[in-house]
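Structure first, commentary second.
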Protein chains: 2
Amino acid sequence: MIKVLLAEDQGMMRGALALLLNLETDMEVVAQVPAGDRIVDAALETSPDIALLDIELPGRSGLDAAADLREALPECKVLIVTTFGRPGYLRRAMEAGACGFLVKDGPVEELAAAIRRVLAGERVIDPGLAAAALSAGPNPLTPREQEVLTAAVDGATVADIAGKLHLSQATVRNYLSAAIGKTGTRNRMEAVRAARRNGWL
Amino acid sequence: MIKVLLAEDQGMMRGALALLLNLETDMEVVAQVPAGDRIVDAALETSPDIALLDIELPGRSGLDAAADLREALPECKVLIVTTFGRPGYLRRAMEAGACGFLVKDGPVEELAAAIRRVLAGERVIDPGLAAAALSAGPNPLTPREQEVLTAAVDGATVADIAGKLHLSQATVRNYLSAAIGKTGTRNRMEAVRAARRNGWL
DNA sequence: GGCCGGGCAGGACAAATGTCACGGGTGCGA
DNA sequence: TCGCACCCGTGACATTTGTCCTGCCCGGCC
């Protein structure tokens, strides 16, 4: 019997997937988690064979949680299941030790199939996405640039960002300018969107 | 037997929900649609008793589709099932003639229950959300202001927006300024976010 | 040691943005 | 008929933003 941990914040999605997986005769959902910071605890308690992790979770990112899980429970495989097939997400997922990367766009049948393939030792990755991840190259933004850009997502002014990060306004504008340059965009907003699309934040 | 139409762009979610509803002994999913502009056609072909519509769909918004459906197939009930419980969405859904409004956060069991309640003639609405919708008041943005703001979502400059909408740059800035004022925000980006949060776009 | 790349900051400048006051036009309801 | 809200535009203005250039400090690497 394959023991599955399911981390997903949308209740309806989580419930539906759990129900679906429990229908498979050889699978059992042993834990359902709605937040990223509860993944490791739940895993230690139920010791699943595989963990299905969403990326954008409250509390802690699924990618970070994947890395934690790798340490705490190395024998547990990780399969990332996410809405957004961002190249940077895929890259980070692989670096965090995930065995597979699935987008929620595909048909449901893919899910159970992917689980079995991962447990058989295969790596499951959308081929088109893999190509995109490679062609997009690695994250060109320095840690500081990422910080400044993430602080700018919700329309914060330079002064706001400078205050939040304890930087001079001039420095903030320099970082923003650098980020705009590296993303090949024309302003803050486009830079934020581009960085997000690539999974660089 | 209750005939259900399911409109949802995420393949995995769509498949899982369809499977789940088909497990109910008195329900049958007669149509699955991944795009908003195919809802009416599918409904006319299969004449469902109820349509479950996501809001953010490619092609045509689920809210617009709900209004279309109301005209084309008045006997078909509409239940909005969405990720985002934005007050403005709820308001617009009701105006479009929806009989219920469900957020995907809740447990799966709610879904079948809501379907049955809607078909029994009830209106299904999250009480907390209803309060938020009323307290938030109606959409203060004029149609033009909405257009300009939507054109600004992805970081377009004033010149871009003016070109796209065939307006003078000065006019665009006036509309943006008005929108910023009405949303009580400090700049474009915040205005866009605030308007989105309220479901005004 | 010298040579980067990264973090941090300042100044100066052009361009974009946000605000305000002011016009004119239309259509709708009192 | 009048007022009012919305649409569209202009011009002027202060502020913000984005760019470029300069400088300093640090740590890693050849």
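All values reported here derive from a predicted model rather than from experimental measurement.
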Ignoring backbone atoms, test whether A:Thr171 places a side-chain nitrogen or oxygen under 4.0 Å from the OP1 or OP2 oxygen of C:dA9. yes
Rounding to a whole Å, what distance do you find between B:Leu149:CG and C:dT17:P? 14 Å
Tell me whether B:Asp64 contacts the main-chain N or O of B:Arg60 through its side chain, where contact means a donor paired with an acceptor under 3.5 Å. no
Considering only C:dG10, C:dT17, D:dT17, which nucleotide approaches the side chain of A:Val158 most closely? D:dT17
Please state whether the phosphate of D:dT17, meaning OP1 or OP2, lies under 4.0 angstrom from any side-chain nitrogen or oxygen of A:Thr157. no
Do the non-hydrogen side-chain atoms of B:Arg116 and B:Ile50 ever get within less than 4.5 Å of each other? no
Using only side-chain N and O atoms of B:Ser177, determine if any of them is under 4.0 Å from OP1 or OP2 of C:dT19. yes
Output the rounded distance in Å from CD1 (B:Ile161) to P (D:dC8). 14 Å
Mapping B:Pro143 and B:Gln169 to their closest nucleotides on DNA chain D, which lands nearer the 5' end? B:Pro143
In whole angstrom, what separates A:Arg188's CZ from C:dA15's C1'? 14 Å
Taking only side-chain nitrogens and oxygens of B:Arg173, does any of them come within less than 4.0 Å of OP1 or OP2 of C:dT19? no
Answer yes or no: is there a side-chain heavy-atom contact under 4.5 Å between B:Arg123 and B:Phe101? no
Is any side-chain nitrogen or oxygen of A:Arg144 closer than 4.0 Å to OP1 or OP2 of C:dC8? yes
Protein-nucleotide distance (B:His166, atom NE2; D:dG9, atom C1'), rounded to Å: 17 Å
Once hydrogens and angles are ignored, does a donor-acceptor distance under 3.5 Å link the base of C:dC20 to the side chain of B:Asn174? yes
Provide, to the nearest angstrom, the distance between the CG atom belonging to B:Leu176 and the P atom belonging to C:dA16. 15 Å
May I have the distance from B:Lys182 (atom NZ) to C:dG18 (atom P), rounded to whole angstrom? 17 Å
Respond yes when some side-chain nitrogen or oxygen of B:Thr142 is under 4.0 Å from OP1 or OP2 of D:dC7, and no when none is. yes
Is it true that B:Thr157 and B:Asp160 share a donor-acceptor pair across their side chains at a distance under 3.5 Å? yes
Using atom CD of A:Glu190 as one end and atom P of D:dG18 as the other, report the distance to the nearest whole Å. 11 Å
What is the distance, to the nearest angstrom, from the CD atom on B:Gln146 to the P atom on D:dC6? 11 Å
Tell me whether the NZ or CZ atom of B:Arg86 lies within the 45° cone about the ring axis of B:Phe84 and under 6.0 Å from its centre. yes
